[in-house]
A.B. asks: 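Handing you this structure, nothing more for now.
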Amino acid sequence: MFLRIISYITQRAIWSWEGFSHVLTTERSIYQWVFANTVSTIAAFSLPLSVAERSLIIMGGIMIIAMECMNTAIERVVDDISEDKRDRAKQAKDTASAAVAISAIAVGLAWIVIIFGILQ
């Protein structure tokens, strides 16, 4: 039973890594988010932030990368169904892209709030 659970967890980890590797090798935009997260994390540890503030910033950055992975997944499924130009296909892709943008805006706003807190 224990070995089956370990095997199950291991297989899920392998599939997750394969998905992330696919995003890394096919989506150029992921590199802008990795770079932004690297800079953001360095800044979070360089500034006098609380543990909660650092955690929020780091978690937000990771969530942006997760959204980019979901965006890629939606694009692949839509393109797999048909590469014909269709209104609903465009809406699905644009909405997934909006999710990435909205999560990035949320992290940017968190940074603004935190910086204003430091300056006061």
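Residue numbers start at 1 and run along the sequence shown. Keep in mind that the numbers below use all heavy atoms, side chains included, and drop hydrogens, waters and symmetry copies.
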A.B. asks: Side-chain contact test, heavy atoms from C-beta onward, threshold under 4.5 Å: evaluate it for I65 versus V23 and give yes or no.
C.D. replies: no
A.B. asks: Atom CD1 of I42 and atom CG of L47: how far apart are they, to the nearest 0.5 Å?
C.D. replies: 11.5 Å
A.B. asks: CG of L109 to CD1 of I102: how many Å apart, nearest 0.5 Å?
C.D. replies: 11.5 Å
A.B. asks: Under 3.5 Å, is there a donor-acceptor pair between the side chain of N71 and the main chain of M67?
C.D. replies: no
A.B. asks: Search all heavy atoms of A44 against all heavy atoms of R54 and return the closest pair with its distance.
C.D. replies: O-NE, 2.8 Å
A.B. asks: Checking S7 side chain against L3 main chain: does a donor-acceptor pair fall under 3.5 Å?
C.D. replies: no
A.B. asks: When rounded to the nearest 0.5 angstrom, what is the spacing between OG1 in T26 and CD in E75?
C.D. replies: 9.0 Å
A.B. asks: Hey, could you give me the NE2/CZ distance between H22 and R76, rounded to the nearest 0.5 Å?
C.D. replies: 3.5 Å
A.B. asks: State plainly whether one hydrophobic cluster holds both F20 and M59, where clusters connect Ile, Leu, Val, Met, Phe, Trp and Tyr through side-chain heavy atoms under 4.5 angstrom apart.
C.D. replies: yes
A.B. asks: Please report the closest heavy-atom contact between A92 and I74, naming both atoms and the distance.
C.D. replies: O-CG2, 3.9 Å
A.B. asks: Identify the two heavy atoms, one from S40 and one from I57, that lie closest to each other, and give their separation to 0.1 Å.
C.D. replies: OG-CG2, 3.1 Å
A.B. asks: Determine the sole option in I118, I112, I114 for which the side-chain contact (heavy atoms from CB on, under 4.5 Å) test with F116 is passed.
C.D. replies: I112
A.B. asks: Take atom CG in D94; do more than 12 heavy atoms of anything else shown fall under 6.0 Å from it?
C.D. replies: yes
A.B. asks: Of all heavy-atom pairs between I64 and A104, which one has the smallest distance, and what is that distance?
C.D. replies: CD1-CA, 3.5 Å
A.B. asks: Can the positive tip of R4 be found less than 6.0 Å from the middle of the six-membered ring of Y8, inside 45° of the ring normal?
C.D. replies: no
A.B. asks: Do M70 and Y31 land in one hydrophobic cluster if side-chain heavy atoms of ILVMFWY residues count as linked below 4.5 Å?
C.D. replies: no
A.B. asks: Hey, what do you get for OG1 (T72) to CD1 (I30), rounding to the nearest 0.5 Å?
C.D. replies: 7.0 Å
A.B. asks: M63, F35: one ILVMFWY side-chain cluster at the under-4.5 Å cut-off?
C.D. replies: no
A.B. asks: To the closest 0.5 Å, what do you measure between OG1 (T41) and CD1 (I62)?
C.D. replies: 7.5 Å
A.B. asks: In terms of hydrophobic clustering (I, L, V, M, F, W, Y; side-chain heavy atoms under 4.5 Å; direct or indirect links), are V34 and I58 co-clustered?
C.D. replies: no
A.B. asks: Would you find a donor on one side and an acceptor on the other, under 3.5 Å apart, between the side chain of S97 and the backbone of K93?
C.D. replies: no
A.B. asks: To check you understand the geometry: which heavy-atom pair defines the closest contact between V78 and A89, and what is its length?
C.D. replies: CG1-CB, 3.4 Å
A.B. asks: Would you kindly confirm whether V107 and V39 end up in one hydrophobic cluster when ILVMFWY residues are joined by side chain heavy atoms under 4.5 Å apart?
C.D. replies: no
